[in-house]
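Data block below; observations after.
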Amino acid sequence: MTDVPSTTANVSKHIPWNNGKIVGAKPPLRPKHVWSIRTKLQVEGRTRDLALFNVAIDSKLRGCDVVALKVDDVAPNGYAADRASVRQKKTGRPVKFELTESTRQAVDDYLRETGKKPGDYLFTGRRGPDRCLTTRQYARLLSEWLTGIGLDAHLFGTHSLRRTKATLIYRRTGNLRAVQLLLGHTKIESTVRYLGIEVDDALAIAEQVDV
């Protein structure tokens, strides 16, 4: 009698795509982490990386929009402006953002060093001056920055930079509408989910309002 092989023995084990990976929303950076990375990049004279990091924090843009920025978007007159506006790749909707003094200084230093002109991509890498950084390259740079200050790079992602300032604004003001506009969300519900707001947060805000 011929042995019939077990069916289960022939079924290969299914390995989940996220096996061994940390998934879910990546947390924002804390202010002390932001300043640690800034200081390290300044000390090491990494002008492009400092400008990229600062712009990513201030703009609250998705990674694909950060790397696609052109000089005209943030420095239309040859130097960094106080405010900028870009059209989001995902939604096609324009979103405005502010550039703080430290970010404007970093951008101006970077433009002087590289000699970039209007029409050029703001952040370029090894692929040449006519090609912007890829989101993969951006993510690798972020991992390097995080590791450099002793953080576990696997716990964070480029969305952590998008979330950082938005989360601080919400915590300090409780103004969801403002954060919604700054993130370019079409629905307030998206902003609530994005910030991970819980019922306790909402109640804490409500308790501050006396009618």
Side-chain angles (χ1 to χ4, degrees), residues 24-35 37-38 50-77 79-108 110-111 118 121-123 132-133 135 138-139 142 156-211:
K26 302 292 187 181
L29 297 181
R30 296 180 180 179
K32 65 179 181 180
H33 298 150
V34 173
W35 285 105
I37 291 175
R38 278 179 178 157
L50 179 61
L52 173 60
F53 179 70
N54 281 357
V55 167
I57 292 290
D58 274 357
S59 70
K60 302 167 286 292
L61 292 172
R62 297 177 181 86
C64 60
D65 293 323
V66 172
V67 297
L69 286 171
K70 291 196 171 184
V71 173
D72 317 58
D73 293 324
V74 298
N77 298 312
Y79 54 87
D82 294 342
R83 296 180 180 180
S85 177
V86 298
R87 191 169 295 279
Q88 300 173 99
K89 185 176 181 180
K90 181 177 180 179
T91 65
R93 294 167 59 90
V95 64
K96 295 181 179 180
F97 57 90
E98 77 292 347
L99 294 174
T100 59
E101 184 177 352
S102 58
T103 297
R104 295 197 302 271
Q105 184 63 58
V107 170
D108 288 345
Y110 172 57
L111 292 178
Y121 281 111
L122 186 59
F123 301 116
C132 66
L133 280 176
T135 51
Y138 175 35
L142 175 59
F156 302 89
T158 54
H159 252 60
S160 295
L161 302 191
R162 173 165 158 80
R163 271 193 167 91
T164 295
K165 199 166 185 179
T167 301
L168 283 175
I169 292 170
Y170 168 69
R171 287 176 179 171
R172 292 177 183 177
T173 67
N175 192 330
L176 271 177
R177 175 58 177 164
V179 177
Q180 177 194 2
L181 291 171
L182 292 170
L183 289 174
H185 286 160
T186 55
K187 297 181 180 179
I188 198 75
E189 291 84 356
S190 300
T191 307
V192 170
R193 288 195 301 272
Y194 195 81
L195 295 178
I197 296 172
E198 303 293 344
V199 174
D200 287 344
D201 295 327
L203 288 174
I205 294 172
E207 287 169 352
Q208 297 172 25
V209 180
D210 188 12
V211 179

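Throughout, numbering of the chain's residues begins at 1 and tracks the sequence.
Of all heavy-atom pairs spanning A56 and S59, the tightest one is O-OG, 3.6 Å. Here the shortest heavy-atom pairing between V179 and L195 reads CG1-CD1, 3.9 Å. Annotation for A81 and R104: closest pair O-CD, 3.3 Å, computed over non-hydrogen atoms. In this structure, P27 and S160 approach most closely via the heavy-atom pair O-OG, 2.6 Å. Taking both residues in full, the closest heavy atoms of A166 and L183 are given as CB-CD2, 3.9 Å, listed atom of the first, atom of the second, then distance. When every heavy atom of L111 is checked against every heavy atom of A75, the shortest pair comes out as CD1-CB, 3.6 Å.
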* **Test log, rule side-chain contact (heavy atoms from CB on, under 4.5 Å), inputs F53 and I37** => CA-CA 9 Å; F53 179 70; I37 291 175; 3.9 Å; yes
* Let me see the working for L122 and D73 under side-chain contact (heavy atoms from CB on, under 4.5 Å), right down to the final yes or no. => CA-CA 9 Å; L122 186 59; D73 293 324; over 6 Å; no
* Apply side-chain contact (heavy atoms from CB on, under 4.5 Å) to the pair L99 and F97, showing each step before the final yes or no. => CA-CA 7 Å; L99 294 174; F97 57 90; 3.8 Å; yes
* Evaluate the side-chain contact (heavy atoms from CB on, under 4.5 Å) criterion for residues R87 and R93: first the C-alpha distance (whole Å), next the side-chain angles of each, then the deciding distance (0.1 Å), finally the verdict. => CA-CA 5 Å; R87 191 169 295 279; R93 294 167 59 90; 5.6 Å; no
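Side-chain contact check for R62 versus Q88: some heavy-atom pair is nearer than 4.5 Å. R193 is listed as a side-chain neighbour of E189, based on a closest heavy-atom distance under 4.5 Å. Between Q180 and L176 there is no side-chain heavy-atom pair separated by less than 4.5 Å. Side-chain contact check for D82 versus T100: every heavy-atom pair is 4.5 Å or farther apart. R171 places a side-chain heavy atom less than 4.5 Å from the side chain of T167. Side-chain contact between S85 and V95 is absent, with no heavy-atom pair separated by less than 4.5 Å. For the pair L50 and Y110, the minimum side-chain heavy-atom distance is 4.5 Å or more. Looking only at side-chain heavy atoms (C-beta outward), L168 and P31 come within less than 4.5 Å of each other.
A distance-only check finds no donor-acceptor pair linking the side chain of D65 to the backbone of V86 [under 3.5 Å]. A donor-acceptor pair under 3.5 Å is formed between the side chain of N175 and the backbone N or O of R177.
For the atom pair SG (C132) and CG (L69), the distance works out to 9.5 Å, reported to the nearest 0.5 Å. Atom CD1 in I57 sits 12.5 Å away from atom CZ in R162 (nearest 0.5 Å). Once rounded to the nearest 0.5 Å, the distance linking OG1 of T158 with CG of L142 reads 7.0 Å. Atom CG in N54 sits 10.5 Å away from atom CD in Q105 (nearest 0.5 Å). Note that the CZ atom of F123 and the CG atom of L133 stand 8.0 Å from one another [nearest 0.5 Å].
Between K60 and E98, at least one side-chain N (NZ, or NE/NH1/NH2) sits under 4.0 Å from a carboxylate O, which counts as a salt bridge.
Judged by the 6.0 Å distance and 45° axis criteria, K26 is not positioned over the aromatic ring of F156.
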